[in-house]
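Residue numbers start at 1 and run along the sequence shown.
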Amino acid sequence: MSKTQRTAPTALAALLALSVAAPAALAHPAPAHKNVPQKAAAPAKPPPEDQILAVINGQVLTQRDVDNRAKLFVLSTGLPVSPDVMNRMRGQIIHQLIDERLKTQEMLKRHINVEPEQIAAAISNIEQRNGMPKNALRDRLASDGVSLTTLIDQIRVQIGWMQVLREQLGEGGRITATQIAQREQALQAEQGRAQYMMSEIFVPVADPRHDENELTFTRTIITQLRNGAPFPIVAAQFSQAQSALDGGSMGWVQEDNLDPEVVNIVRQMPIGAISNPIQVAGGFVIATVQAKRVVGKQMGTLVALRQAFFPFDAPLNPQNPTPQQQASLQKATQAIQTIHSCDALEALNKSLGEKRPSNPGTQVLERLAPQMRSVIEPLPVNKVSRPLVSMDGIALLMVCDRQQKNLAQQTPGEIADQLMNERVEQASRQLQRDLQRRSIIDIRPAAKPALN
């Protein structure tokens with residue numbers, strides 16, 4: 001974990017994995033005395049939804065709030081999550097919601113208002129990034145019994161807290177050319193040393209003398225990750241580091257910017273593995289490494305692409321395509337013969353309604369999925385690919401430009417973004433500590449078993 005990253009998340013939870021209902025808890029028979037007929041025990045009665053678990057500066061946190069966030073986690077991971085696992089997570093969910101209440105109160109104190117249009121745009125962005133039609137996310141949440149308010153509250157805190165931090169930084173948030181030059185010199189001095197593309201989940205520990213609950217929670221999360229839960233989604237929901245805003249992604253980091261305990265582990269970790277709990281100052285870290293390189297040296301191939309997409313009128317049944325789907329394949333095949341430039345392919349995509357962006361952006365060839373790389377790598381510049389058929393349509397791709405570049409060389413803009421992220425993390429950490437110190441947080445008896 002980065003030494004500067006110790007802040008609470010205002011993460012936007014990704015909610016698009018398939019939901020699998022958690023198995024129901026089984027009621028076990030109550031012990032019976034000898035020669036007395038055995039009688040099944042009644043299932044434990046769930047606590048009332050309006051039961052108050054905590055009061056944060058006069059604002060209540062109820063059982064309903066915790067239950068909705070728990071449902072959100074189940075929907076996010078797409079895995080069956082047992083009641084026992086959810087019980088072990090309950091304390092962390094309570095801590096997270098308390099932190100969100102404090103942030104919301106600070107937003108109100110500063111008269112920061114998040115417009116409905118901003119929240120709607122954020123939800124629309126989630127849907128677009130995941131290829132979902134408009135309002136599909138709202139419908140999916142409703143069908144799984146999750147209140148849309150649960151998602152809206154997370155988004156509102158994420159947007160509003162960033163506005164709070166910008167206001168807090170003020171002029172101190174401006175990155176100068178001198179500061180960029182100093183970071184460039186520091187990177188040059190690091191050349192030849194190891195660098196890691198990694199992600200993290202940070203679980204804070206309030207009292208290092210009593211960290212059993214946090215350690216149990218951390219191990220529970222690791223089990224879910226190793227069973228297939230998406231790391232970015234779990235990080236967005238539960239990590240207490242500022243990187244939670246990016247699904248736990250820390251980008252490329254040098255060893256000097258990591259806790260020594262984390263360095264000792266990531267040096268030995270295979271790519272894609274999930275670490276055991278790593279104890280650091282303030283809590284536990286779960287780490288995963290996506291790639292390793294030497295500072296200042298990583299050659300890669302940048303490809304500028306264009307695409308045209310022929311949408312289907314219904315999901316494809318390969319054994320029984322519709323007439324519209326057959327006609328789309330014919331049109332795509334004809335386009336391969338007649339399109340000879342990226343401008344022409346872009347014009348074709350616009351005529352088809354631009355259901356997918358004409359310009360998907362410059363891509364690093366070596367980072368593409370193996371199937372996509374096998375299509376792009378041998379493709380000559382200004383040559384249309386073979387039709388790429390999916391359930392919802394047919395895509396044609398074209399390489400407009402291909403060039404070799406040392407990907408390890410950071411541009412001044414990238415350095416400025418990195419410096420700004422570090423300042424935002426530090427400001428968030430300090431401000432949240434101040435809010436907790438000044439607040440009156442009354443933990444009710446119903447919540448104490450989960451927190452102790």
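Residues forming a side chain to side chain contact (heavy atoms under 4.5 Å, CB included) with V205 (at least two apart in sequence, or on another chain): D211, E214, F284. Among residues two or more places apart in sequence or in another chain, the side chain to side chain donor-acceptor pair (under 3.5 Å) test is passed with T104 by none. A search for salt bridge (Lys or Arg N to Asp or Glu O under 4.0 Å) contacts involving E261 returns nothing, not counting sequence neighbours. Every residue meeting the side chain to side chain donor-acceptor pair (under 3.5 Å) condition with S439, not counting sequence neighbours, appears here in chain and number order: N57. Applying the salt bridge (Lys or Arg N to Asp or Glu O under 4.0 Å) criterion to E377, with sequence neighbours excluded, gives R373. Residues forming a side chain to side chain contact (heavy atoms under 4.5 Å, CB included) with D65 (at least two apart in sequence, or on another chain): L61, T62, L97, R101. Under the side chain to side chain donor-acceptor pair (under 3.5 Å) criterion, Q179 pairs with T176, R423, not counting sequence neighbours. Partners of R437 under the salt bridge (Lys or Arg N to Asp or Glu O under 4.0 Å) rule, at least two apart in sequence or in another chain, are D434. For R356, the side chain to side chain contact (heavy atoms under 4.5 Å, CB included) partners at least two apart in sequence or on another chain are Q307, F309, S390, D392, A395. In this structure, the side chain to side chain donor-acceptor pair (under 3.5 Å) partners of R64, at least two apart in sequence or on a different chain, are E49. Every residue meeting the side chain to side chain contact (heavy atoms under 4.5 Å, CB included) condition with I52, not counting sequence neighbours, appears here in chain and number order: V55, V60, R444.
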### Query
side chain to side chain contact (heavy atoms under 4.5 Å, CB included) between L397 and M372: does it pass, once the steps are laid out?
CA-CA 10 Å; L397 296 176; M372 183 59 67; 3.5 Å; yes

### Query
Taking it one step at a time, do R306 and N359 satisfy side chain to side chain contact (heavy atoms under 4.5 Å, CB included)?
CA-CA 5 Å; R306 294 293 184 275; N359 182 1; 3.2 Å; yes

### Task
Decide side chain to side chain contact (heavy atoms under 4.5 Å, CB included) for E100 and Q154; before the verdict, give the C-alpha distance in whole Å, the side-chain angles of both, and the deciding distance to 0.1 Å.
CA-CA 8 Å; E100 289 183 11; Q154 283 190 314; 4.2 Å; yes

### Query
What's the verdict on side-chain hydrogen bond (donor to acceptor under 3.5 Å, both in side chains) for S428 and Q432, showing C-alpha distance, side-chain angles and the deciding distance?
CA-CA 6 Å; S428 183; Q432 187 142 359; 4.7 Å; no

#### Entry: Stepwise side-chain hydrogen bond (donor to acceptor under 3.5 Å, both in side chains) check, S239 with E200
CA-CA 8 Å; S239 178; E200 65 171 352; 5.6 Å; no

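Nearest heavy-atom pair, L305 versus P360, reported as atom, atom and distance to 0.1 Å: O-CD, 3.5 Å. Nearest heavy-atom pair across V266 and A287 is CG1-CB, 4.5 Å. Of all the heavy atoms in I222 and N276, the pair that sits closest is CD1-C, 3.7 Å. Between A291 and V289 the shortest heavy-atom distance is O-CG1, 3.4 Å. The shortest non-hydrogen separation linking I221 to V234 is CG2-CG1, 3.7 Å. S199 approaches S249 most closely through the heavy-atom pair OG-CA, 3.5 Å.
Going from atom OH of Y196 over to atom CE of M269 covers 11.0 Å, rounded to the nearest 0.5 Å. Rounded to the nearest 0.5 Å, atoms CE (M198) and NZ (K292) are 10.0 Å apart. In this structure, I119 CD1 and D153 CG are separated by 8.5 Å, a value rounded to the nearest 0.5 Å. Here the CD1 atom belonging to I98 is positioned 13.5 Å from the CG atom belonging to L435, to the nearest 0.5 angstrom. Taking CG from L258 and CD1 from I278, the interatomic distance works out to 9.5 Å, rounded to the nearest 0.5 Å. With rounding to the nearest 0.5 angstrom, the CD1 atom of I415 is 7.5 Å from the CZ atom of R183.
Applying the side chain to side chain donor-acceptor pair (under 3.5 Å) test to every pair with at least one member in residues 262-272, sequence neighbours left out, gives these pairs: E255-R267.
The backbone N or O of I274 lies less than 3.5 Å from a partner atom in the side chain of R226, making a donor-acceptor pair. A distance-only check finds a donor-acceptor pair linking the side chain of Q105 to the backbone of I56 [under 3.5 Å].
Residues Q436 and D99 meet the side-chain proximity criterion, which asks for heavy atoms closer than 4.5 Å. A 4.5 Å side-chain heavy-atom check between D50 and Q63 finds every atom pair outside the cut-off. Residues W161 and I112 fail the side-chain proximity criterion, which asks for heavy atoms closer than 4.5 Å. In this structure the side chain of T150 never reaches within 4.5 angstrom of the side chain of K71, judged on heavy atoms. Between M107 and R156 there is a side-chain heavy-atom pair separated by less than 4.5 Å. The shortest side-chain heavy-atom distance between N113 and H111 does not fall under the 4.5 Å cut-off. In this structure, V66 and R90 have side chains that are in contact, with non-hydrogen atoms separated by less than 4.5 Å.
Counting only N and O atoms by type, the side chains of Q163 and R166 include no donor and acceptor under 3.5 Å apart.
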